[in-house]
Chemist: 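Next up is a structure, given as structure tokens.
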Amino acid sequence: MANREIGVAVLGLGNVGSEVARLLLESSDDYKSRVGAPVILRGVAVRTISADRGIPVDLLTTDAQALVDRDDVDIVVEVIGGIEPVRTLILSALNSGKSVVTANKALLADYTGELADAAKSSNVDLYFEAAVAGAIPVVRPLMQSLAGDRVNRVVGIVNGTTNFILSAMAETGAAYEDVLAEAGRLGYAEADPTADVEGYDAAAKAAILASLAFHTRVTAADVYREGISAITAEDIASAKAVDCTVKLLAICERIIGADGVSSVSARVYPALVPLAHPLANVNGAFNAIVVEAEAAGRLMFYGQGAGGGPTASSVLGDLISAARNRVHGGKGPGESNYAQLAMSPFGDTPTRYHVCMEVTDRVGVLSAVAAEFAKHNVSISVVRQEDTDYGASLVVVTHMATEAALQETVASLADLEYVNAVTSVLRLEGTAE
Ligand code: NAP
């Protein structure tokens with residue numbers, strides 16, 4: 001195999017694809033030395049061809065399938081996004097013995113199984129480091145560096161848009177809608193921000209992380225999801241009052257039942273994080289992921305989770321690895337799904353709650369509220385009361401309890417005579433109790 005050329009097809013020339021193509025052309029001498037063979041860009045698939053796209057126009061094509069099918073293409077880099085036509089393109093590449101590098105979390109979150117099976121049966125690589133947290137290496141550490149360890153928890157800030165919004169709300173005290181509009185103006189939020197602010201993007205990444213961490217196929221549909229659009233300036237201020245901040249977290253956790261059997265909890269929601277926790281200080285559009293493994297302990301990965309250049313760095317790292325494998329023979333490690341752990345029901349998830357209520361300021365309110373928590377076996381950690389114009393606001397922070405017990409408690413609080421309204425319910429993560 002030595003001295004052969006490695007032909008590369010890039011599908012897409014947008015934010016990520018244009019950086020991938022540019023670096024492939026500019027760094028060809030270095031890549032040749034790193035791979036042990038020339039890495040040649042055969043073509044780039046786009047929707048519209050024009051001379052001002054930053055790469056020679058004769059490399060552009062609108063026929064992605066024909067580019068994938070070329071005999072001189074060994075590796076297909078997919079940076080188009082979405083499900084179709086890329087699922088079909090990737091499957092045809094894998095089935096014809098080509099390695100694939102993709103940054104497409106939406107596709108992987110639902111179709112990893114199908115794609116991994118195709119890669120396995122053709123004995124080729126399917127790499128996707130860029131699909132989770134852009135430039136941050138976390139897929140390879142989970143698949144390879146920690147392959148000898150037992151991962152128990154992966155908690156991350158994996159969506160830059162929502163982290164930008166929540167950080168700005170915490171810094172300025174501004175309302176969600178105002179900060180979202182500002183994020184749009186600055187280019188941190190898409191015209192339709194739903195995938196980011198409602199947690200769909202983070203849920204796709206949580207599915208990928210949970211699959212890797214627990215050797216189990218997890219899809220986006222398995223991930224419990226809540227977004228940040230209901231978070232108010234009052235929630236952020238209330239979090240501050242108990243030395244916390246609010247972050248949208250993707251949490252993948254091994255839950256060990258009373259019978260000793262492990263199951264997987266994968267969830268995405270905005271949660272209070274203590275200011276002393278490393279994730280509390282991840283601000284702006286940055287991402288960070290904390291991995292807890294039995295022997296390694298706690299590891300933290302931090303950096304730029306999006307952007308053309310940072311994401312291209314991950315894509316090109318995968319491309320070089322796949323190219324090396326083709327030059328030297330064999331393939332890298334593929335999907336590991338031997339454990340096939342069951343998903344843990346959301347109601348069984350252990351968590352803590354931060355509950356805000358408007359109450360009538362009179363004797364007996366506190367004990368009535370405390371009794372309601374006790375009735376559901378939920379132990380209280382902190383109670384904070386403030387007088388307001390309409391009575392009092394009461395904040396209760398609980399110890400660890402199951403999600404089901406906490407939800408039942410909150411539901412019954414609203415029926416108490418002196419509780420006028422339960423104004424906010426947020427989970428508290430990143431503490432032991
Ligand atoms: P983008 O800017 O929207 O670019 C998409 C590209 O795909 C465009 O060049 C478009 O062509 C091309 N395209 C669309 N449909 C096509 C088709 N049917 N045939 C051929 N080409 C087609 O997207 P992006 O931001 O670069 O993202 C690409 C992928 O990377 C997505 O999966 C995304 O989730 C992932 N990703 C992105 C980031 C980021 O920061 N942007 C970070 C991590 C992962 P035209 O240019 O001709 O319209």
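In this chain, residues are counted from 1 in sequence order. Both counts, for ligands and for their atoms, begin at 1 and track the order of listing.
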Chemist: Under 4.0 Å from any heavy atom of Ala306, which atoms of ligand 1 are there?
Modeler: 40 (O)

Chemist: Under 3.5 Å, is there a donor-acceptor pair between the Thr311 and Glu19 side chains?
Modeler: no

Chemist: Could you tell me the residue and atom name of the protein heavy atom closest to atom 32 (O) of ligand 1, and the distance to it rounded to 0.1 Å?
Modeler: Gly81 CA, 3.2 Å

Chemist: Which residue supplies the protein heavy atom nearest to atom 30 (O) of ligand 1, what is that atom called, and how far is it?
Modeler: Ala103 CB, 3.5 Å

Chemist: Taking 4.0 angstrom as the limit and counting only heavy atoms of Ala130, give me the atoms of ligand 1 inside it, by number and element.
Modeler: 43 (C), 44 (C)

Chemist: Evaluate Glu78 for polar contact with ligand 1, using N/O atom pairs at a separation under 3.5 Å.
Modeler: no

Chemist: Are Glu5 and Arg42 ion-paired here, with the side-chain N under 4.0 Å from a carboxylate O?
Modeler: yes

Chemist: Which of these passes salt bridge (Lys or Arg N to Asp or Glu O under 4.0 Å) with Glu429: Arg153, Arg352, Lys247?
Modeler: Arg153

Chemist: Are any of the N/O atoms in Gly305 less than 3.5 Å from those in ligand 1?
Modeler: no

Chemist: Among all protein heavy atoms, pick out the one at the shortest distance from atom 16 (C) of ligand 1; state its residue, atom name and that distance to 0.1 Å.
Modeler: Arg47 CG, 3.6 Å

Chemist: Which ligand 1 atoms, with their elements, are less than 4.0 angstrom from a heavy-atom of Lys105?
Modeler: 34 (O), 36 (N), 43 (C), 44 (C)

Chemist: Any protein heavy atom under 4.0 Å from atom 3 (O) of ligand 1?
Modeler: no

Chemist: Is it true that the side chains of Ser99 and Arg326 contain a donor and an acceptor less than 3.5 Å apart?
Modeler: yes

Chemist: Can you list the ligand 1 atoms lying under 4.0 Å from a non-hydrogen atom of Gly12?
Modeler: 6 (C), 7 (O), 9 (O), 12 (C)

Chemist: For ligand 1, which atoms have a heavy atom of Val16 less than 4.0 angstrom away?
Modeler: 26 (O), 30 (O), 37 (C), 38 (C), 39 (C), 41 (N)

Chemist: Under 4.0 Å from ligand 1, counting heavy atoms only, is it the side chain of Thr311, its backbone, both or neither?
Modeler: side chain

Chemist: For Gly307, counting its heavy atoms only, list the atoms of ligand 1 lying under 4.0 Å from any of them.
Modeler: 39 (C), 40 (O)

Chemist: Is Leu13 in polar range of ligand 1, meaning some N or O pair under 3.5 Å apart?
Modeler: yes

Chemist: For atom 46 (O) of ligand 1, what's the nearest protein heavy atom and its distance?
Modeler: Arg53 NH2, 2.6 Å

Chemist: So which protein heavy atom does atom 13 (N) of ligand 1 come closest to, and at what separation?
Modeler: Ile80 CG2, 3.7 Å

